[in-house]
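Everything on this sheet refers to the single structure shown next.
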Amino acid sequence: MKITKDTTTEEALKIGSDCQRCGRCCTYGSGFMLESEVARIAQFLKLPKDRFVKDFLLETEIFHTPVFKIRSLKKKDAPYGPCMFLEKNMCGIHDVKPLHCRVCNCKDGDDLHAWFMVHYCLNIYDPESVRQYDSYVKTGGRMIPGAELEKLFPDKQMLRKILSYERFK
Ligand code: SF4
Ligand code: SF4
């Protein structure tokens, strides 16, 4: 199934479920977690939310939207390492793992990651988010059909003002 801007979350989950659970991808990196998912996963681990964030997550942002990156166990100077939740090649939080981990597989991972960012990180009501998305696209970021800025943002005049910084907020 082709992944486009119109792919629903249900469809993305179905595509992402094509996974043999070998654990390889999680050995070389970790997924992203949305703010709205933090409390649920902390509760599953029976940890206070603050402690869970401090010990397991890194605060970051994608297209000016706050998200968390799950910490990796990197060896000194290594550019990558296994996800903190990887246990014997299995996901230790499989039953509650974040959407990003559920939709991204090794087969369609690039498109699924792009789909995730467009749906859950790009905020067309935030000019800075729109500008960062525009830079991402112009610098060769993965594009899925239907996620062109002109299609997502039909008000051409406003889009021009945002991209030219005529409109900051
Ligand atoms: S949370 Fe689970 S699925 Fe996600 S990166 Fe870590 S081990 Fe992999
Ligand atoms: S997405 Fe691919 S690499 Fe990752 S666990 Fe599944 S089959 Fe293995």
Side-chain angles (χ1 to χ4, degrees), residues 1-124 126 129 132-133 135-137 139-147:
M1 189 188 293
K2 195 168 172 61
I3 297 150
T4 72
K5 160 67 177 58
D6 293 333
T7 298
T8 64
T9 300
E10 205 174 48
E11 288 165 342
L13 285 167
K14 198 170 170 204
I15 298 166
S17 68
D18 186 0
C19 164
Q20 305 307 312
R21 298 198 190 178
C22 69
R24 193 166 184 277
C25 55
C26 310
T27 304
Y28 295 98
S30 57
F32 289 95
M33 195 178 290
L34 299 169
E35 276 191 322
S36 58
E37 299 175 305
V38 172
R40 169 173 63 87
I41 298 171
Q43 193 179 25
F44 174 81
L45 294 170
K46 297 186 172 56
L47 288 173
K49 193 174 157 191
D50 291 357
R51 194 171 140 218
F52 172 61
V53 170
K54 186 169 168 285
D55 292 351
F56 290 90
L57 306 178
L58 293 168
E59 288 181 48
T60 183
E61 58 176 47
I62 299 177
F63 305 146
H64 207 227
T65 295
V67 291
F68 294 97
K69 175 90 172 148
I70 302 170
R71 285 183 188 270
S72 297
L73 296 167
K74 288 181 194 164
K75 288 199 180 119
K76 201 169 173 253
D77 300 331
Y80 57 79
C83 171
M84 281 188 88
F85 292 120
L86 191 65
E87 296 170 5
K88 295 182 185 160
N89 280 347
M90 301 288 285
C91 177
I93 57 167
H94 179 74
D95 291 346
V96 292
K97 67 185 179 184
L99 178 69
H100 184 261
C101 294
R102 290 165 67 204
V103 297
C104 289
N105 64 15
C106 55
K107 210 165 149 198
D108 297 295
D110 291 343
D111 282 345
L112 288 164
H113 180 64
W115 173 91
F116 173 84
M117 292 198 297
V118 167
H119 279 265
Y120 290 90
C121 304
L122 172 62
N123 178 1
I124 62 164
D126 171 10
S129 184
Q132 289 187 12
Y133 183 67
S135 298
Y136 160 83
V137 172
T139 52
R142 190 81 170 190
M143 169 61 66
I144 51 172

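No experiment lies behind these values; they were computed from the predicted model shown. As the structure lists them, so they are numbered: ligands from 1, and atoms in each ligand from 1.
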Considering only non-hydrogen protein atoms, determine which one is nearest to [atom] and report residue, atom name and distance to 0.1 Å.
{"atom": "atom 2 (Fe) of ligand 1", "result": "Cys91 SG, 2.3 Å"}
{"atom": "atom 7 (S) of ligand 2", "result": "Gln20 N, 3.2 Å"}
{"atom": "atom 6 (Fe) of ligand 1", "result": "Cys83 SG, 2.3 Å"}
{"atom": "atom 8 (Fe) of ligand 2", "result": "Cys22 SG, 2.3 Å"}
{"atom": "atom 1 (S) of ligand 2", "result": "Cys106 N, 3.3 Å"}
{"atom": "atom 4 (Fe) of ligand 1", "result": "Cys101 SG, 2.3 Å"}

Whether Phe56 and Phe85 hold their rings parallel, tilted or perpendicular, with breakpoints at 30° and 60°: parallel
When you measure from the side chain of [X] to the backbone N and O of [Y], does any donor-acceptor pair fall under 3.5 Å?
{"X": "Ser72", "Y": "Lys74", "result": "no"}
{"X": "Asn123", "Y": "His64", "result": "no"}
{"X": "Tyr80", "Y": "Ser30", "result": "no"}

SB check Glu11 Lys14 (cutoff 4.0 Å): no
Heavy-atom contacts with [X] under 4.0 Å: which atoms of ligand 2 show up? List them by number with element.
{"X": "Gly23", "result": "5 (S), 8 (Fe)"}
{"X": "Cys19", "result": "1 (S), 5 (S), 6 (Fe)"}
{"X": "Asn105", "result": "1 (S)"}
{"X": "Cys25", "result": "1 (S), 3 (S), 4 (Fe), 5 (S)"}

Aromatic contact, Phe63 with Tyr136 (centres under 6.0 Å): yes
Minimum heavy-atom distance Phe52-Leu45, with the two atoms named: CE1-CD1, 3.5 Å
Show which atoms of ligand 1 fall inside a sub-4.0 Å distance from at least one heavy-atom site of [X].
{"X": "Cys26", "result": "3 (S), 5 (S), 7 (S), 8 (Fe)"}
{"X": "Gly31", "result": "5 (S)"}
{"X": "Ile70", "result": "1 (S)"}
{"X": "Lys97", "result": "3 (S)"}

Verdict with reasoning, Val67 to Glu35, per side-chain contact (heavy atoms from CB on, under 4.5 Å): CA-CA 6 Å; Val67 291; Glu35 276 191 322; over 6 Å; no
Side-chain H-bond candidate by donor/acceptor type, Tyr120 with Ser36, under 3.5 Å: no
